[in-house]
Amino acid sequence: MTEASVREFKMPDVGEGLTEAEILKWYVQPGDTVTDGQVVCEVETAKAAVELPIPYDGVVRELHFPEGTTVDVGTSIIAVAVGDGAAAEPVREAEAPAAPEAGAAPEAEAAPEGRQPVLVGYGVATSSTRRRPRKGTQAPAQAAPPAAAAIQAEMNGHGPAAPVTRERPLAKPPVRKLAKDLGVDLASVTPTGPDGIITREDVHAAVTAAQAPEPPAAPAAQAPAPAPAAPSSAPVSYDTARETRVPVKGVRKATAAAMVGSAFTAPHVTEFVTVDVTRTMKLVEELKQDKEFAGLRVNPLLLIAKALLVAIRRNPDINASWDEAAQEIVVKHYVNLGIAAATPRGLIVPNIKDAHAKTLPQLAESLGELVSTAREGKTSPAAMQGGTVTITNVGVFGVDTGTPILNPGESAILAVGAIKLQPWVHKGKVKPRQVTTLALSFDHRLVDGELGSKVLADVAAILEQPKRLLTWA
């Protein structure tokens, strides 16, 4: 029988230019058979959570890092035996790499000749791995991470365990997202759906069962330390007697860094205008009855987005970016319209590519897809790259307005406040009207007060008289 060779699958750049990703969950264990294209793990970058497929057939030999570890792009994360003898090759403890000294990073194994296949993104880095397990997770100090099942068995005092073959539970992406948010291991959930598929109800049932009354625990003051954790189920936060500490990572970490960088790099100016949008609200109701919008979600945000696109066409210099290295202003002849969306992982800003070229029904369809994808946690890194201008709708939270911070690389962001029935002077009389407040923040290096004011005034004028969508188009 031909001896199997070992292939090392490296952490790919799952988003253009990202340097690291956190391993959220392994779907395979040493001894499992994998096939080309099979998803082996889920990782989270600064932009999104992504499932990684393996690019070849074989048998898993070793998982190099436990769940909860942040790994540099280009670092091997899993070893797979390939070839005719792959199935016959046992997973031997002696073949594990020598244990590094405490605090030292493991040495990278020799890479095969040529560039390692990268399935998602590009730009593999060659830096060493920074192993940062989640708080409460104790990474093995005396040996490279063996099979997760063996680690768990040893931690439980049962001695080394043989490799365990575990099939990936069947569940749709929204159900997987729900389970992850609720801290439920799908492998422990009893499926009730057709063909053994786990449903949302199954996940909620598992949560209810886990919350069943238990014997009284010791007072918090006597046990303030974090709950013990295993590499396969490390918590993302932990409580002390008087505090809850949440590690800053993933999307929230990237958002914080981006906002700080934007706030202290681009000189922000914010202007405000309060506008009567009664006619826009009437048009929204009319469009809902139009057959051209059948099956599409029509709401005020749709017309606000279209109004901004028209304002940009009338004032194209607002759609630009500042190139510090070249000392140039880059005016974009396209609009990738970003829509800020709050998700369980934090704030993300996916964008609608070439929004300027879309008809109103096409824009409605794109907005609906963007929102539903974000809610399901399936927004791809590519969908959050290349934005040129952004809308953030703080009105959905009942907030009147705000001073939004620019997305890095963009020159303007429009905040939309709550639309409320207010007394308003209309045709010389005080009447109840639908009113909202808009706020436009812009980069004062390339957008002066005149340009910013024109754009904001155009948006307000269109929302006050939406027929201008036709006359100004």
Side-chain angles (χ1 to χ4, degrees), residues 15-16 47 280 283-284 286-288 290-323 328-341 348-374 378-393 404 406-416 438 440-443 446-447 451-452 454-463 465-473:
E16 299 180 7
K47 294 182 178 293
T280 289
L283 179 56
V284 168
E286 292 174 3
L287 292 177
K288 288 180 180 179
D290 193 311
K291 64 179 182 179
E292 294 295 328
F293 292 87
L296 299 177
R297 183 177 181 182
V298 180
N299 55 24
L301 180 60
L302 171 63
L303 296 183
I304 292 168
K306 190 64 176 179
L308 179 58
L309 292 171
V310 172
I312 291 173
R313 183 165 64 247
R314 288 166 54 87
N315 306 274
D317 288 346
I318 192 75
N319 188 46
S321 62
W322 180 273
D323 189 334
E328 295 175 341
I329 293 174
V330 184
V331 179
K332 312 293 176 63
H333 302 302
Y334 59 91
V335 181
N336 289 346
L337 181 62
I339 304 294
I348 63 173
V349 189
N351 60 77
I352 299 172
K353 309 298 184 186
D354 294 323
H356 66 287
K358 295 183 180 294
T359 64
L360 197 60
Q362 290 172 340
L363 188 61
E365 182 178 8
S366 297
L367 276 170
E369 292 175 353
L370 180 148
V371 172
S372 62
T373 300
K378 296 165 59 178
T379 302
S380 68
M384 293 183 281
Q385 296 166 355
T388 63
V389 66
T390 293
I391 296 176
T392 177
N393 186 9
L406 295 168
N407 251 352
E410 300 180 13
S411 61
I413 179 172
L414 178 70
V416 182
L438 307 175
L440 183 73
S441 290
F442 50 87
D443 186 341
L446 62 157
V447 180
L451 177 58
K454 284 183 176 180
V455 171
L456 185 59
D458 278 359
V459 174
I462 293 171
L463 296 179
Q465 294 282 356
K467 67 181 181 182
R468 291 191 172 104
L469 288 173
L470 299 176
T471 59
W472 288 2

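Computed from a prediction, not measured in an experiment: that's the story for all the values here.
One distance of note links CG of D443 with OG of S321; it measures 9.5 Å at 0.5 Å rounding. With rounding to the nearest 0.5 Å, the separation of CD1 in I413 from CG in L406 is 6.5 Å. Distance CD1/I318 to CG/L451: 4.5 Å, rounded to 0.5 Å. Distance check, rounded to the nearest 0.5 Å: CD1 of I462 to CG of L469 gives 5.5 Å. Atom-to-atom distance recorded for M384:CE and N351:CG is 9.5 Å, nearest 0.5 angstrom. The structure places CD1 of I352 at 10.5 Å from CD of E365, a figure rounded to the nearest 0.5 Å.
By the 4.5 Å heavy-atom criterion applied to side chains, L438 and L463 are counted as neighbours. Between S411 and F442, every side-chain heavy-atom pair lies at or beyond the 4.5 Å cut-off.
Applying the side-chain contact (heavy atoms from CB on, under 4.5 Å) rule to N299 yields the partners R297, L301, L302; only residues at least two apart in sequence or on another chain are considered. When the side-chain contact (heavy atoms from CB on, under 4.5 Å) test is applied to Q465, the partners found at least two apart in sequence or on another chain are R279, K467, R468.
Scanning all heavy atoms of the two residues, the minimum distance from W472 to A461 falls at CH2-CB, 3.9 Å. In plain terms, the two heavy atoms of P350 and T379 that are nearest each other are CB-CG2, 3.9 Å.
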Donor-acceptor contacts, no H, no angles, side chain residues 304-315, under 3.5 Å, sequence neighbours left out:
residue : atom : partner : partner atom : Å
K306    : NZ   : K358    : O            : 3.2
R314    : NE   : D458    : OD2          : 2.9
N315    : ND2  : A311    : O            : 2.9
N315    : ND2  : D458    : OD2          : 3.0

Residue pair T392, L414: steps toward the side-chain contact (heavy atoms from CB on, under 4.5 Å) verdict: CA-CA 6 Å; T392 177; L414 178 70; over 6 Å; no
Test log, rule side-chain contact (heavy atoms from CB on, under 4.5 Å), inputs L303 and L360: CA-CA 8 Å; L303 296 183; L360 197 60; 4.0 Å; yes
From CA spacing to verdict: side-chain contact (heavy atoms from CB on, under 4.5 Å), N336, D354: CA-CA 5 Å; N336 289 346; D354 294 323; 4.2 Å; yes
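Annotation for K353: atom NZ counts as buried by contact number, over 12 foreign heavy atoms lying within 6.0 Å.
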